[in-house]
Amino acid sequence: MSAAKNYYLTTPIYYVNDAPHIGHAYTTLACDVLARFKRLDGYDVKFLTGTDEHGQKVETSAQAAGIDPQAFTDKVSQNFRDLAKAMKFTNDDFIRTTEERHKKACQAIWQRLIDADEIYLGAYAGWYAVRDEAYYGEDELTKTPEGKRVAPSGAEVEWVEEPSYFFRLSQWEDKLLKFYDDNPDFIAPKTRRNEVLSFVKGGLRDLSVSRTTFKWGIPVPNDDDHIMYVWLDALTNYITSAGFPDTEGEFAQRWPADLHMVGKDILRFHTVYWPAFLMAAGIEPPKRVFAHGWWTNEGEKISKSLGNVIEPNQLVADYGLDQVRYFLLREVPFGNDGDFSRQAMINRMNGELANDYGNLAQRVLSMVFKNCDATIPEPGEYTVEDNQLLDAAGALLATVRGHLDRQHFHEALEAIWVVIRAANGYVDHQAPWKLKKEDPDRMLTVLYVLSETIRRITLLLQPVMPDSTAKILDQLVISAGDRTFAALASGVSMKAGTEISKPEGVFPRFVEEGAN
RNA sequence: GGCCGAGUAGCUCAGUUGGUUAGAGCAGCGGAAUCAUAAUCCGCGUGUCGGCGGUUCAAGUCCGUCCUCGGCUACCA
């Protein structure tokens, strides 16, 4: 029911012409972690991803492959569903822009824009590059020795004139600026917000929103010669999935979306065109758009021509799924560009997962297993040190929640690691192996405090590392019903007396081949 | 060119509204411990806080200027 707290977040829909790479995995991973976190935190979450399947490039690729575009997209969009499965993404819907529901939504929003006189029929003329599906200005072009004009991308352009529908974007400058002003958190990070603001302040021109040069797309209502502009088509997916054009039911509950996660390259579409389209159609804009950065590979820019594209499946095969999920969100302040290097990956994997966290769980659970009859012990009176550690662990939920609400994954993880390091220090200071001989009752309290701390840390790490944390929670015999954040409320702590099984290491160290 | 942002320990970065001896992690050096995945813990940093000038009792934190790097500057996942 609508009484539940809702959270609707989306990835971009990925263009099917590309093979899934680390960038796609990164965007969706960030959303997956947020979705999992919000679910555990009591939200009714809708997490959407999908594929963008229209456009001239797809049409051309399908022709080249000798099959019709629908068969082509059926095939390649599967790659993205496979990626989601391999990375254990928990999206609630996977939308394809070739679906009937989406066609309906696009035509409905188009009709709204027509009815509101936000779209008019005009003509577009300019230098067009088929390869880029883009028009270029005269000043952007260069001439080849053969006298051909080419775009900055190197694509050949031709002079094209076509009738086109235009969206009255020029009328939206002030309204957009007011919207940004009223919603200071709409665009993040801050530096991206500045870019958008300056772009809009620089003045907006009407936007061509239809094409007649190809057929693979959604026809404009009542004018079949025109295909809807791919971005109007693509962006609309976010409301399609929420149920639009039916604005009652789910749509009323889900929209506006809480977060559109995007790469920095498509910021403008999401922060200028999209809110303008929506407001023009009488629909509320989304609440927030976050633009993350790009990865480099061992310091090198990633490109197909360099042949250094990073395949998510390969990473998972090399280092493990949870390790990769952890690394991607821990290594770089979210929003910045980051570098993927083998050494950095191994350092995180061994230093933080195996040594700090994995070993903490292993050393503590081993002691419980060997010295407490394999049973979570009953604690006695707490000392100052006990309370310090318990308080630090207890404060974590609020801290992590705060960071994740701003998409600061790295800070959320750092906050958790502060407690992990403190817990390792506590183990050494308390030296339970000494207490075993000198003060066995005190040892029981110490091991209880540590078990409880590990429980809290592990519950909080579930969104990032679902498999590994499940294993640790299994070892602690935490029931499925006690794994939500309700179990992190203050006053709630571990039941003593639970019997645990023999602990096993969950985070293996990465050992280089041939090393000894 | 214009606009925006960044330049802090070997590396990656934190540094609130200007105010005690500028911090963390990693790497490095030394030591302790032995429960644990040879994992852990403790100790050790004289850093021109990009340069110069200025405001102030006081500036990494404000102002000016210069240098370097990055981003944006329209219809390109």
Side-chain angles (χ1 to χ4, degrees), chain A residues 12-18 20-21 23-24 27 51-52 55 57-58 80 124 126 128-129 131-137 140 151-153 155 166-167 169 189-209 229-232 234 262-269 272-273 293 330-333 336-339 343-344 347-348 350-371 410-411 414 417-418 421 423-436 443 446-447 450 503-509 511:
Chain A
I13 46 176
Y14 302 118
Y15 202 52
V16 287
N17 230 24
D18 289 334
H21 55 65
H24 301 110
T27 312
T51 43
D52 180 10
K57 265 194 277 191
V58 171
F80 288 91
Y124 197 98
Y128 184 74
R131 200 181 86 191
D132 300 342
E133 289 180 33
Y135 282 93
Y136 290 95
E140 294 179 274
S153 64
F166 284 84
F167 172 71
L169 185 63
K190 195 87 168 261
T191 175
R192 301 295 167 202
R193 174 184 157 83
N194 291 345
E195 285 177 14
V196 173
L197 253 56
S198 81
F199 174 78
V200 173
K201 282 176 182 164
L204 298 171
R205 299 202 295 264
D206 287 352
L207 186 69
S208 166
V209 288
Y229 174 49
V230 287
W231 271 106
L232 178 53
V262 301
K264 62 184 184 180
D265 56 330
I266 53 174
L267 219 217
R268 181 188 307 147
F269 303 102
V272 180
Y273 303 166
R330 178 69 186 94
E331 178 69 2
V332 172
N336 293 6
D337 287 347
D339 182 48
Q343 197 53 57
N347 286 348
R348 295 281 179 196
N350 288 353
E352 293 174 4
L353 294 180
N355 298 353
D356 291 345
Y357 177 44
N359 185 53
L360 172 68
Q362 180 70 6
R363 69 198 300 211
V364 169
L365 292 178
S366 289
M367 285 187 273
V368 171
F369 186 75
K370 289 181 190 164
N371 304 321
H410 62 296
E411 289 185 343
E414 172 59 22
W417 250 257
V418 166
R421 288 184 211 111
N424 272 319
Y426 174 90
V427 175
D428 277 61
H429 294 145
Q430 301 299 322
W433 51 90
K434 250 188 240 171
L435 294 171
K436 183 181 169 185
M443 178 193 73
V446 166
L447 292 180
L450 284 165
E504 280 173 31
V506 169
F507 293 102
R509 291 177 60 76
V511 182

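Quick note on labels: first sequence line is chain A, next is B, and so on, each numbered from 1.
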Residues at least two apart in sequence or cross-chain that pass salt bridge (Lys or Arg N to Asp or Glu O under 4.0 Å) with A/D265, listed by chain then number, are none
In whole Å, what is the span from the [atom1] atom of [X] to the [atom2] atom of [N]?
X: A/E195; N: B/A74; atom1: CD; atom2: C1'; value: 13 Å
X: A/L207; N: B/C76; atom1: CG; atom2: C1'; value: 13 Å
X: A/D337; N: B/C69; atom1: CG; atom2: P; value: 17 Å
X: A/N350; N: B/U37; atom1: CG; atom2: C1'; value: 10 Å
X: A/W433; N: B/A33; atom1: CH2; atom2: C1'; value: 7 Å
X: A/R330; N: B/G25; atom1: CZ; atom2: C1'; value: 7 Å
X: A/Q430; N: B/C35; atom1: CD; atom2: C1'; value: 13 Å
X: A/M367; N: B/U37; atom1: CE; atom2: C1'; value: 14 Å

So which nucleotide from [options] ends up closest to the side chain of [X]?
X: A/D18; options: B/C35, B/U40, B/A77; result: B/A77
X: A/H429; options: B/G25, B/U37, B/C42; result: B/C42
X: A/S198; options: B/U37, B/A74, B/C3; result: B/C3
X: A/W231; options: B/A77, B/C75, B/U37; result: B/A77
X: A/E414; options: B/A39, B/C35, B/A24; result: B/A24

Given the [atom1] atoms of [N] and [M], what is the spacing between them in whole Å?
N: B/A33; M: B/U40; atom1: C1'; result: 8 Å
N: B/U8; M: B/U68; atom1: C1'; result: 16 Å
N: B/U21; M: B/C63; atom1: P; result: 24 Å
N: B/C13; M: B/A22; atom1: C1'; result: 14 Å
N: B/C29; M: B/C69; atom1: P; result: 35 Å
N: B/G25; M: B/A14; atom1: C1'; result: 10 Å
N: B/G10; M: B/G54; atom1: C1'; result: 34 Å
N: B/C75; M: B/G70; atom1: P; result: 23 Å

Could you tell me whether [X] contacts a base, only the sugar-phosphate backbone, or nothing, with contacts defined as non-hydrogen atoms closer than 4.0 Å?
X: A/G203; answer: base
X: A/V506; answer: base
X: A/W417; answer: nothing
X: A/H410; answer: nothing
X: A/L267; answer: nothing
X: A/D356; answer: sugar-phosphate
X: A/K370; answer: sugar-phosphate
X: A/R192; answer: sugar-phosphate
X: A/I266; answer: sugar-phosphate
X: A/F269; answer: sugar-phosphate
X: A/G202; answer: nothing

Quick one: pull up [atom1] in [X] and [atom2] in [Y] and give me the separation to the nearest 0.5 Å.
X: A/H429; Y: A/N424; atom1: NE2; atom2: CG; value: 11.0 Å
X: A/Y14; Y: A/D52; atom1: OH; atom2: CG; value: 12.0 Å
X: A/L207; Y: A/F269; atom1: CG; atom2: CZ; value: 9.0 Å

Is any N or O donor-acceptor pair between the side chain of A/N355 and the base of B/A39 shorter than 3.5 Å?
no
Between the base of B/C41 and the side chain of A/Y426, is one N or O donor paired with an acceptor at under 3.5 angstrom?
no
What verdict does the side chain to side chain contact (heavy atoms under 4.5 Å, CB included) test give for A/L204 and A/F199, after you've listed the backbone C-alpha separation in whole Å, the side-chain angles of each residue and the deciding distance to 0.1 Å?
CA-CA 8 Å; A/L204 298 171; A/F199 174 78; 3.7 Å; yes
Take atom NZ in A/K436; do more than 12 heavy atoms of anything else shown fall under 6.0 Å from it?
no
Within the sub-3.5 Å range, which N or O atoms of nucleotides 5-12 of chain B have a protein N or O partner, and how far apart are they?
none

Would you say A/Y229 reaches B/C76's phosphate, i.e. side-chain N/O to OP1/OP2 under 4.0 Å?
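Indeed, a polar side-chain atom of A/Y229 lies that close.
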Would you please confirm or rule out a distance under 4.0 Å between OP1 or OP2 of B/A39 and any side-chain N or O of A/R509?
yes
For A/E414, enumerate each residue passing the side-chain hydrogen bond (donor to acceptor under 3.5 Å, both in side chains) test, keeping only those at least two apart in sequence or located in another chain.
A/R330, A/R421
Take A/N355 and A/R509, measure what side chain to side chain contact (heavy atoms under 4.5 Å, CB included) needs, and give me the verdict at the end.
CA-CA 8 Å; A/N355 298 353; A/R509 291 177 60 76; 2.7 Å; yes
Let me see the working for A/E352 and A/Y357 under side chain to side chain contact (heavy atoms under 4.5 Å, CB included), right down to the final yes or no.
CA-CA 6 Å; A/E352 293 174 4; A/Y357 177 44; over 6 Å; no
Any pair with a residue in residues 353-365 of chain A that passes salt bridge (Lys or Arg N to Asp or Glu O under 4.0 Å), sequence neighbours left out, goes on the list, sorted by first then second residue, please.
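The answer is A/R363-A/D428.
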Applying the Watson-Crick and G-U criteria (both distances under 3.5 angstrom) with [ ] for crossing and | for other-strand pairs, one obtains for RNA chain B (((((((..((((.....[...)))).(((((.......))))).....(((((..]....))))))))))))....
Parallel, tilted or perpendicular: which one describes the rings of A/H21 and A/H24, with boundaries at 30° and 60°?
tilted
With A/W433, which residues qualify under ring pair (Phe, Tyr, Trp, His ring centres under 6.0 Å), at least two apart?
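Partners of A/W433 under the ring pair (Phe, Tyr, Trp, His ring centres under 6.0 Å) test: none.
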On RNA chain B, compare the nucleotides closest to A/P508 and A/E411; which residue's is nearer the 5' end?
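In this pair, the answer is A/E411.
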Hey, which of these two, A/N424 or A/L353, hits RNA chain B nearer its 5' end, going by closest nucleotide?
A/L353
Derivation and outcome, side chain to side chain contact (heavy atoms under 4.5 Å, CB included), residues A/Y273 and A/L232:
CA-CA 8 Å; A/Y273 303 166; A/L232 178 53; over 6 Å; no
